[in-house]
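Presented below is the structure to which this report refers.
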Amino acid sequence: MNTLRIYIVGVGGQGNVLASKMIGEAALSMGVPVLMSETHGMAQRGGVVESTVVLGGAQSPTISDNCADILLAFEPMEAVRALSKANADTIVITNTAPVVPFIPGGSAAYPPVDDLLACLRAKVGRVIAFDARKESLEAGNPLGLNMVMLGALYGAADMPLTKESQMEAIRKNGKPAFVESNLNCFERGFKAASEETAKD
């Protein structure tokens, strides 16, 4: 199989690392070679969190600049920050709900999300953008944004893993009390991204 490089970015508390591990579990269940890495940074303070998942026969989990096949962004500003990893053929799948940085004494100015999306579209061929936070809240799972984005990955990209293998990985590796809610979030993300993809 061809190598598929997935660069995942968000901020602390969004569940980025867990989502990447779920992809890894699905890959292992299907016998697909997988390499992963993660950078936590100042995650506990809402700082950037980056993960990589490389599927196929790669020798390293590192994704060089301009080499990501998929950029999966849990936050729109972080999608723009990660654009150096993308190229004209990269698929960007991004949540549109911002996480405004906290600054003592007030909040930082945050650019309009439409401007961020325009910046993304100026560099890559496909941008799938939707409000994943809204989907997780409507599913009754405020912490389910990562599962929504995981579903969106399968709804928007041609993955070498099956949707069923990913859902089984969620069942086996998630906390039992949240399994059904997480699967609901996954399905909502899959549907939202599929609908956005159909508009292209």
Side-chain angles (χ1 to χ4, degrees), residues 6-24 26 38 43 46-53 68-83 85-86 90-102 110-121 124 126-159 161 163 166-167 169-170 173-175 178-200:
I6 307 171
Y7 193 81
I8 308 174
V9 65
V11 299
Q14 290 187 306
N16 171 331
V17 172
L18 178 59
S20 66
K21 288 179 178 177
M22 289 291 187
I23 299 170
E38 56 200 50
V48 64
V49 180
E50 301 167 344
S51 302
T52 65
V53 179
D69 298 300
I70 301 170
L71 171 57
L72 185 66
F74 288 25
E75 203 280 338
M77 177 74 85
E78 297 307 325
V80 172
R81 288 189 206 275
L83 262 182
K85 299 295 182 181
T90 301
I91 300 170
V92 175
I93 307 163
T94 184
N95 172 28
T96 58
V99 177
V100 179
F102 172 76
Y110 196 99
V113 172
D114 285 347
D115 290 355
L116 297 176
L117 296 179
C119 184
L120 295 172
R121 291 185 176 111
V124 305
R126 283 183 60 199
V127 177
I128 305 301
F130 69 101
D131 190 339
R133 181 170 61 194
K134 176 175 175 284
E135 295 293 339
S136 66
L137 290 174
E138 289 183 355
N141 185 353
L143 299 178
L145 183 141
N146 57 345
M147 295 297 109
V148 173
M149 293 304 296
L150 190 54
L153 175 63
Y154 284 79
D158 185 15
M159 292 288 287
L161 311 176
K163 179 185 174 187
Q166 189 61 76
M167 294 177 74
I170 294 170
N173 300 285
K175 293 182 180 179
F178 296 101
V179 166
E180 289 309 315
S181 180
N182 284 339
L183 289 172
N184 185 18
C185 285
F186 179 91
E187 288 284 14
R188 293 181 74 102
F190 180 86
K191 182 174 184 289
S194 297
E195 290 174 349
E196 289 297 318
T197 301
K199 295 176 184 177
D200 284 358

Ignoring hydrogens and angles, write down the donor-acceptor pairs under 3.5 Å from the side chains of residues 143-151, residues two or more places apart or on other chains.
from	atom 1	to	atom 2	distance (Å)
N146	ND2	G15	O	3.3

Could you check whether any side-chain N or O of [X] sits under 3.5 Å from a backbone N or O of [Y], counting only pairs where one atom can act as donor and the other as acceptor?
{"X": "Q14", "Y": "F74", "answer": "yes"}
{"X": "T90", "Y": "A68", "answer": "yes"}
{"X": "R126", "Y": "A156", "answer": "yes"}
{"X": "E50", "Y": "Y7", "answer": "no"}

Taking all heavy atoms of [X] and all of [Y], pick out the closest pair and write down the distance.
{"X": "I93", "Y": "A152", "value": "CG2-CB, 3.9 Å"}
{"X": "I170", "Y": "M22", "value": "CA-SD, 3.9 Å"}
{"X": "V17", "Y": "S20", "value": "O-OG, 2.7 Å"}
{"X": "K134", "Y": "D131", "value": "N-OD1, 2.9 Å"}
{"X": "A79", "Y": "L71", "value": "O-CD2, 3.7 Å"}
{"X": "L153", "Y": "I23", "value": "CD2-CD1, 3.7 Å"}

Should [X] and [Y] count as side-chain neighbours, where that means a heavy-atom distance under 4.5 Å?
{"X": "E75", "Y": "N95", "value": "no"}
{"X": "M77", "Y": "P98", "value": "no"}
{"X": "N184", "Y": "E180", "value": "no"}
{"X": "V80", "Y": "L120", "value": "yes"}
{"X": "V113", "Y": "L117", "value": "yes"}

How many angstroms lie between [atom1] in [X] and [atom2] in [Y], if you round to the nearest 0.5 Å?
{"X": "T197", "Y": "I128", "atom1": "OG1", "atom2": "CD1", "answer": "3.5 Å"}
{"X": "C185", "Y": "L137", "atom1": "SG", "atom2": "CG", "answer": "9.0 Å"}
{"X": "L83", "Y": "K85", "atom1": "CG", "atom2": "NZ", "answer": "12.0 Å"}

Partner residues of [X] under the side chain to side chain donor-acceptor pair (under 3.5 Å) criterion, sequence neighbours left out:
{"X": "N141", "value": "S181, N182"}
{"X": "R121", "value": "none"}
{"X": "N16", "value": "S51"}
{"X": "E195", "value": "K191"}

Q: Assess whether side chain to side chain contact (heavy atoms under 4.5 Å, CB included) is satisfied between E38 and V49, documenting all intermediate values.
A: CA-CA 7 Å; E38 56 200 50; V49 180; 5.9 Å; no

Q: Among residues two or more places apart or on two chains, list those pairs meeting ring pair (Phe, Tyr, Trp, His ring centres under 6.0 Å) that have a residue in residues 181-200.
A: Y154-F186

Q) Would one find more than 12 heavy atoms of other residues, nucleotides or ligands at under 6.0 Å from atom CG of D115? A) yes

Q: May I ask you to say whether E187 pairs ionically with K163, meaning some side-chain N is under 4.0 Å from a carboxylate O?
A: yes

